[in-house]
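Note sheet for the following structure.
This one's a predicted model, so the numbers in the text were calculated from it and none came from an experiment.
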Amino acid sequence: MEDSIETILQNKTTKFLYSDKPSSWLPCLASGITASIYAFWAVFVFPGIRKVPVSLRVFSAVSLGLQCTGYELNPILINWAKTLAWWRGISPNQATFLKQNFWEVDLSQYKNVTVFLAPNAMETLEKKLSAELPDDARVIVCRFPFPHWPHTCTEGASLDQVWAYDVMRLKGSLLHYRKQQPCT
């Protein structure tokens with residue numbers, strides 16, 4: 001014997017396949033995905049593209065006629081840099097971005113090095129650069145100075161401060177010795 005529709009509607013254990021109530025799982029899923037993407041961006045990507053002093057950006061160096069090579073392990077930051085270079089009309093011959101470990105690269109071919117690393121890596125970097133760079137090289141570091149090297153000049157303040165170091169000064173050569181002065 002079949003129940004009438006009134007009996008079915010009064011029975012609270014009866015479940016219908018479709019509901020006229022709007023589903024709430026889709027907005028929750030969209031919110032969760034958005035929050036996850038933002039958390040990933042804030043933790044892994046954003047620290048790499050925070051404000052770097054304009055005079056030290058690769059694109060500024062390219063505009064001065066320098067050929068630049070950037071080393072980065074984070075593929076998101078590499079693609080970001082390549083996209084910015086393309087957007088600004090910079091050819092891959094002028095600015096190259098490589099997914100390589102900076103610590104495994106031989107830097108002996110470079111005369112100008114700009115570094116943006118954490119403070120705990122600076123002492124190790126001092127050793128690597130003094131062993132590999134030629135005497136006429138100049139090193140620019142952002143935000144965190146080398147702990148043992150005397151700087152040639154400095155510019156800016158607080159988080160926008162940069163330090164310049166001449167390798168020949170570090171190796172004891174007095175030829176072309178630069179006294180501490182404003183960076184040029």
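Results of the side chain to side chain contact (heavy atoms under 4.5 Å, CB included) test with Glu72 over Leu77, Asn79, Leu98 single out Leu77 as the only residue that passes. For the side chain to side chain contact (heavy atoms under 4.5 Å, CB included) test with Tyr110, the passing option among Val113, Asp106, Asn112 is Val113; the others fail.
Note that OG1 of Thr124 is 10.0 Å distant from CE of Met122, once rounded to the nearest 0.5 Å. Here the CZ-CG distance, from Phe144 to Leu125, works out to 13.5 Å after rounding to the nearest 0.5 Å. Annotation: the span from Trp163 atom CH2 to Thr152 atom OG1 amounts to 13.5 Å, rounded to 0.5 Å. Of the inter-residue distances, the one linking Met168 atom CE with Asp136 atom CG reads 6.0 Å to the nearest 0.5 angstrom. In this structure, CD on Gln100 lies 9.5 Å from OG1 on Thr69, to the nearest 0.5 angstrom. Atom-to-atom distance recorded for Tyr165:OH and Ser130:OG is 13.0 Å, nearest 0.5 angstrom.
No more than 12 heavy-atom neighbours from other residues, nucleotides or ligands sit within 6.0 angstrom of CH2 on Trp87. Applying the 6.0 Å contact sphere to NZ of Lys111 captures no more than 12 heavy atoms from other residues, nucleotides or ligands.
Checked against side-chain hydrogen bond (donor to acceptor under 3.5 Å, both in side chains), Asn93 has no partners two or more places apart in sequence or in another chain.
The nearest pair of heavy atoms linking Val105 to Glu132 is O-OE1, 3.4 Å. Contact detail for Ser108 and Pro134: the closest heavy-atom pair is O-CD, 3.6 Å. Between Lys99 and Pro75, the shortest heavy-atom contact is CE-CD, 4.3 Å.
Here the side chains of Pro145 and His151 are not in contact, with every heavy-atom distance at 4.5 Å or above. In this structure, the side chains of Asn74 and Trp80 stay at 4.5 Å or more apart for every pair of heavy atoms. At a threshold of 4.5 Å between non-hydrogen side-chain atoms, the residues Val167 and Arg138 do not count as touching. The side-chain heavy atoms of His148 and Glu123, taken from C-beta on, include a pair separated by under 4.5 Å. With a 4.5 Å cut-off on side-chain heavy atoms, Val162 and Val141 do not count as touching. Side-chain contact between Arg143 and Phe116 is present, with heavy atoms from C-beta onward closer than 4.5 Å.
Tracing side-chain contacts under 4.5 Å through hydrophobic residues (I, L, V, M, F, W, Y), one never reaches Ile78 starting from Leu73; they form parts of separate clusters.
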task = Give the intermediate values and the outcome of side chain to side chain contact (heavy atoms under 4.5 Å, CB included) for residues Leu133 and Val139.
result = CA-CA 9 Å; Leu133 291 179; Val139 180; 3.4 Å; yes
